[in-house]
Amino acid sequence: MGQDIPPGKVTRAIYLHIPFCLSKCNYCSFFSVPYDRQQMRGYLAYLHKELELFAGSYPIQPASIYFGGGTPSLLTAVDIQSLIDKLLFGQDMGTVEITLEINPIQITKSFLDALATTGINRLSVGLQAMNDAQLAWLSRKHKVSQIPEKIRLLKEYGYRNISCDLIYGLPGSGLQDLKDNLQRFLELEPQHISTYLLCLEESPGMQDFIPLLPDDEMQALQYDTIRRTLDDNGFEQYEISNFALDGFESRHNLCYWNWENYLGLGASAAGWIEPFRYTNPASLEQYYSDLDKGITMTSCELCEEKQQKEDYLMMGLRKTRGIELAQYQARFGSDLLKDFESVVKLPLMDKVLNISGTHLALKPEFMFVSNQVIGKFLS
Ligand code: SF4
């Protein structure tokens with residue numbers, strides 16, 4: 001291990017990155033490599049090794065396990081469960097949120113028969129759009145007509161916590177495209193919807209499309225449409241881009257936004273183990289060679305208290321309910337409003353922030369420009 005890990009702080013959220021994909025989507029900037037069964041086997045052995053290195057020196061008691069990617073639904077049920085078993089150390093699986101990102105084309109009876117033998121109890125479906133032209137542009141392999149049956153199958157197999165991803169802001173897309181998409185998503189009756197504004201800055205080969213993206217005004221209008229439509233249909237916005245029916249907020253992502261310790265395992269995964277923030281190499285070769293030398297947390301930064309306060313604020317303000325002042329006080333032993341007094345008192349900040357006796361939050365109408373507002377708190 002590159003650093004000594006301080007004792008005492010239990011890790012409650014674990015992210016496992018499975019970087020293999022059947023093909024590369026043109027807009028994707030995540031670390032992914034072509035799927036190969038043999039390579040997947042080798043990768044899993046290293047994932048187990050990485051976990052063993054952590055578990056030997058750090059307390060892990062998961063409230064959430066998240067299989068992300070890449071395409072983690074390329075794992076076999078046996079592989080999924082063997083990772084879950086290792087992560088739980090005998091803990092009761094029923095109390096843990098265990099999410100699998102699933103590619104719609106892999107939702108079949110035979111896959112679900114196998115998946116039913118695992119502890120997966122939440123599915124995040126990479127739907128992205130309910131519009132065939134948009135799906136084709138995104139180089140997704142599924143068709144709109146297949147989706148209602150696939151979601152029905154998930155429900156038939158007992159999945160009651162289903163999240164669907166929606167990408168908006170595609171080149172040339174207007175408000176009506178978005179409204180149609182939202183309507184068709186709602187007809188599927190998921191419990192959770194995660195939205196993503198398409199960003200092509202880091203997608204090589206897609207730069208020519210950047211001028212065709214909706215302008216800032218249209219993006220803001222689209223964001224507002226998402227908020228209003230989902231709110232009208234019983235979804236609470238609990239984070240900048242995430243909406244859930246009552247009781248179905250992602251426990252995993254809330255760990256990030258509450259700035260709780262989380263372990264990221266796998267190539268390119270990131271983690272936060274107070275006071276260390278780290279990122280694993282976005283290269284299989286480097287990831288393997290580090291683990292062969294017993295090195296974890298390769299790219300690791302020790303965060304001083306000032307940095308920790310800024311990170312806590314940056315993540316906490318993503319939540320619509322914002323930051324609980326008493327929790328900040330309990331964590332850092334100081335008053336948030338005093339620590340960031342110079343920013344809170346800036347002209348016009350009273351129009352942007354909600355400061356109640358108990359919380360500091362962004363006003364809903366400023367959620368779309370949250371990055372600019374949060375940036376003011378960071379030195
Ligand atoms: S399936 Fe997901 S991770 Fe894989 S290339 Fe497509 S967008 Fe990227």
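Order of listing sets the numbers, starting from 1, for every ligand and every atom in it. The figures that follow rest on heavy atoms only: side chains count, while hydrogens, waters and symmetry mates do not.
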Inset, instruction - Kindly identify the option in S23, G126, S32, G70 whose heavy atom sits closest to atom 3 (S) of ligand 1. - result: G70
Inset, instruction - Quick one: look up the protein heavy atom nearest atom 2 (Fe) of ligand 1 and list residue, atom name and how far away it is. - result: R140 NH1, 3.9 Å
Legend entry - Flag side-chain contact, heavy atom, 4.5 Å: I84 against L88: yes
Legend entry - Over all atoms of both residues, closest heavy-atom pair of N121 and V96: ND2-O, 2.8 Å
Inset, instruction - Determine whether the side chain, the backbone, both or neither of T71 has a heavy atom under 4.0 Å from any heavy atom of ligand 1. - result: side chain
Legend entry - Minimum-distance protein heavy atom relative to atom 4 (Fe) of ligand 1: C21 SG, 2.3 Å
Inset, instruction - With heavy atoms only and a cut-off of under 4.0 Å, state how C25 meets ligand 1: side chain, backbone, both or neither. - result: both
Inset, instruction - Give the ring-plane orientation class for Y35 versus F20, where under 30° counts as parallel, over 60° as perpendicular and anything between as tilted. - result: perpendicular
Legend entry - Modelled atom types, side-chain donor and acceptor of Y168 and Q219, under 3.5 Å: no
Legend entry - Short N/O/S contact of C28 with atom 8 (Fe) of ligand 1 (below 2.8 Å): yes
Legend entry - Test: R321 and E236 ion pair at under 4.0 Å: no
